[in-house]
*Asks:* 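Submitted below is the structure of interest, expressed as structure tokens.
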Amino acid sequence: MTAGSYPFGPPDLLRLHPRFAQLRESEPLSRVRMPYGREGWLATRYEDVRAIISDPRFSRARAAGADVPRMTPLPGGAGSMAMMDAPEHTRMRRLVSKAFSLRRIEELRPSVTTRAETLLRGLSPPADLMRDFGTPLALMTICDMLGVPYGERDRFGGWAEVVVTTTAYTAEEVERVLGAFAQYLLELVERRRAVPRDDLLSELVHARDSERRLSEQELVTFLGSSLTTGQDNVAKQVGNMAYTLLTEPGLYRSLAERPGVIPGAVEELLRYLVISPGLGIARIATEDVEIGGRTIREGEAVLVSFASANRDPGAFPEPERIDVEREGSAHLTFGPGLHHCLAASLVRMELQEAVRALVRVCPDLRLAVPEEEVEWLTTAITIGPVRLPVRW
């Protein structure tokens, strides 16, 4: 079977390339050649994607550091929860899951609400919704969760852009930034050792030093990945959702008039929006596994497209339509199974409160430029507006 090259074309804002629909129909498990690494399999159908990410016979640990198919210049490194299998993944998850529990997230909700409304009330039109709202809201929240000083954001705030790059920076530039990032985090860990606080970072330092439940590398890697994704992914999703609400006729106004549907609207936008041009982290088959009528051999890499699965008409009737009151199949954006996103409840809450604050504080919000003039970042793992000029 001939491998197709991925990406199928240049990123098209938040839209799914039509090739995915063709593959779901004719070849739901196909061969693919990524920008970096060797060839692999690509799953595009909801049923197959869900089966693969829930099956322990597909290993992420075996992909750590290997030349697997990927979007980024550097292979994924060992030490990250994302690159662990059970029981190591279970051990790490138990250490941090309490901080991300639904109860803890709900305790944080009032402070996030206040923060979001305060940011918006401090703006004067025209404003850049990315710079002035989405980015500071996301960064403040993840810093608060972890115990990282927000006042030191000049030392780490810009590193996320380089870490999540696909083509904008070379492998050497990424390695250099990662080294500086790790050095900062090591310094922060040492400060918590000297003066512990009531935060997750201090808890993890205690677990490292007193109970030996994780290594120094695992501690630093968890902090770095959480800080990076916690600011980058959430900030971009705030911008993506705001852009979509403002460009889909009547959608923003309907939420301002019916704020009770905001949680459902956020869930639907999480399903609908294609935030990443990539295909996530490769998994390696630990034995021969049959998926969708084909056999993935032991040692072969498989990638899944959550975006394609979320547009599968077999799981979502009229998948190309935004329906804020949609019922039925659950979207796969956060992934089921072992690697279900640890911060899913936090991300949902942040996005709900960001949208709720927008329609409450700025019910007449609109783009300050024609929608085709919005500039997009398309050289990273995740897509989002570079700037989102708005007025009200």
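Along the sequence shown, residues carry numbers from 1.
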*Asks:* Does the structure place the NZ or CZ of Arg31 under 6.0 Å from the centre of the six-membered ring of Trp41, at an angle of no more than 45° from the ring's axis?
*Replies:* yes

*Asks:* Taking Met130's backbone N and O only, do any of them form a donor-acceptor pair with Thr135's side chain (distance below 3.5 Å, no angle check)?
*Replies:* yes

*Asks:* Please check this pair: side chain of Asp55 against backbone of Ala51, looking for a donor-acceptor N/O pair closer than 3.5 Å.
*Replies:* no

*Asks:* So, Arg115 and Thr141: side-chain donor and acceptor under 3.5 Å apart, yes or no?
*Replies:* yes

*Asks:* Between Glu152 and Arg191, is the closest basic N to carboxylate O distance under 4.0 Å?
*Replies:* yes

*Asks:* Are the side chains of Val359 and Ile262 in touch, meaning some heavy atoms are under 4.5 Å apart?
*Replies:* yes

*Asks:* Angle class for the Phe8/His17 ring planes (parallel below 30°, perpendicular above 60°, tilted otherwise)?
*Replies:* tilted

*Asks:* With a 3.5 Å distance limit and no angle check, can you tell me whether Arg91 reaches the backbone of Arg213 through a side-chain donor-acceptor pair?
*Replies:* yes

*Asks:* Kindly give the heavy-atom pair with the smallest separation between Lys236 and Pro385, and that separation in Å.
*Replies:* O-CD, 4.4 Å

*Asks:* How far apart are the closest heavy atoms of Ala207 and Leu95, and which atoms are they?
*Replies:* CB-CD2, 3.9 Å

*Asks:* Less than 4.5 Å apart, side chain to side chain, heavy atoms only: is that true for Glu268 and Asp323?
*Replies:* yes

*Asks:* Do Asp144 and Ser111 meet the criterion of a side-chain donor-acceptor pair at a distance under 3.5 Å?
*Replies:* no

*Asks:* Tell me whether the count of non-hydrogen atoms from other residues, nucleotides or ligands lying under 6.0 Å of CZ in Arg57 goes above 12.
*Replies:* yes

*Asks:* Verify, without hydrogens or angle tests, whether Arg326 (side chain) and Arg321 (backbone) share a donor-acceptor contact under 3.5 angstrom.
*Replies:* yes

*Asks:* Apply ring pair (Phe, Tyr, Trp, His ring centres under 6.0 Å) to Phe316 and list each qualifying residue two or more places apart in sequence or on a separate chain.
*Replies:* Tyr46

*Asks:* Output yes when a side-chain donor or acceptor of Asp128 lies under 3.5 Å from a complementary backbone atom of Pro389, and no otherwise.
*Replies:* no

*Asks:* Mind listing the closest non-hydrogen atom pair of Asn310 and Leu332 along with its distance?
*Replies:* OD1-N, 2.8 Å

*Asks:* If you look at every heavy atom in Ala82 and His339, which pair is closest and at what distance?
*Replies:* O-NE2, 3.7 Å

*Asks:* Counting N and O atoms only, with roles assigned by atom type, does the side chain of Arg192 sit under 3.5 Å from a partner on the main chain of Val189, one being a donor and the other an acceptor?
*Replies:* no

*Asks:* Between Ser202 and Pro196, is there a donor-acceptor pair closer than 3.5 Å when you use the side chain of the first and the backbone of the second?
*Replies:* no

*Asks:* Taking all non-hydrogen atoms of both residues into account, name the closest pair between Ile53 and Pro336 and its distance.
*Replies:* CD1-CD, 2.9 Å

*Asks:* Please determine whether the number of non-hydrogen atoms from other residues, nucleotides or ligands lying under 6.0 Å from atom CD of Glu107 exceeds 12.
*Replies:* yes

*Asks:* Using a cut-off of 6.0 Å, state whether more than 12 heavy atoms not belonging to Arg193 lie near its atom CZ.
*Replies:* yes

*Asks:* I want to check a possible cation-pi pair here: Arg311 against Tyr272, using under 6.0 Å from ring centre and within 45° of the ring axis as the test.
*Replies:* yes

*Asks:* Under a 3.5 Å threshold, yes or no: a donor from one side chain and an acceptor from the other, between Asp85 and Ser59?
*Replies:* yes

*Asks:* Within the distance-only criterion (no hydrogens, no angle test), does the side chain of Ser101 pair as donor or acceptor with the backbone N or O of Lys98 below 3.5 angstrom?
*Replies:* yes

*Asks:* Let me confirm one number: the CG-OG1 distance from Leu269 to Thr244, rounded to the nearest 0.5 Å.
*Replies:* 6.0 Å

*Asks:* Counting only heavy atoms from other residues, nucleotides and ligands, does the tally under 6.0 Å from CD of Glu267 exceed 12?
*Replies:* yes

*Asks:* If we check side chain to side chain contact (heavy atoms under 4.5 Å, CB included) with Pro313, which of these qualifies: Glu25, Arg24, Glu318, Glu320?
*Replies:* Arg24

*Asks:* Main chain of Gly147, side chain of Arg197: is a donor-acceptor contact present, judged purely on distance under 3.5 Å?
*Replies:* no

*Asks:* Can you tell me if Thr90 uses its side chain to pair, donor with acceptor, with the backbone of Ala86 under 3.5 Å?
*Replies:* no

*Asks:* Mind jotting down which residue pairs meet the ring-ring contact (aromatic ring centres under 6.0 Å, His included) criterion with at least one end in residues 225-248? Sequence neighbours excluded, please.
*Replies:* Tyr243-Trp376

*Asks:* Are the side chains of Pro28 and Leu23 in touch, meaning some heavy atoms are under 4.5 Å apart?
*Replies:* no

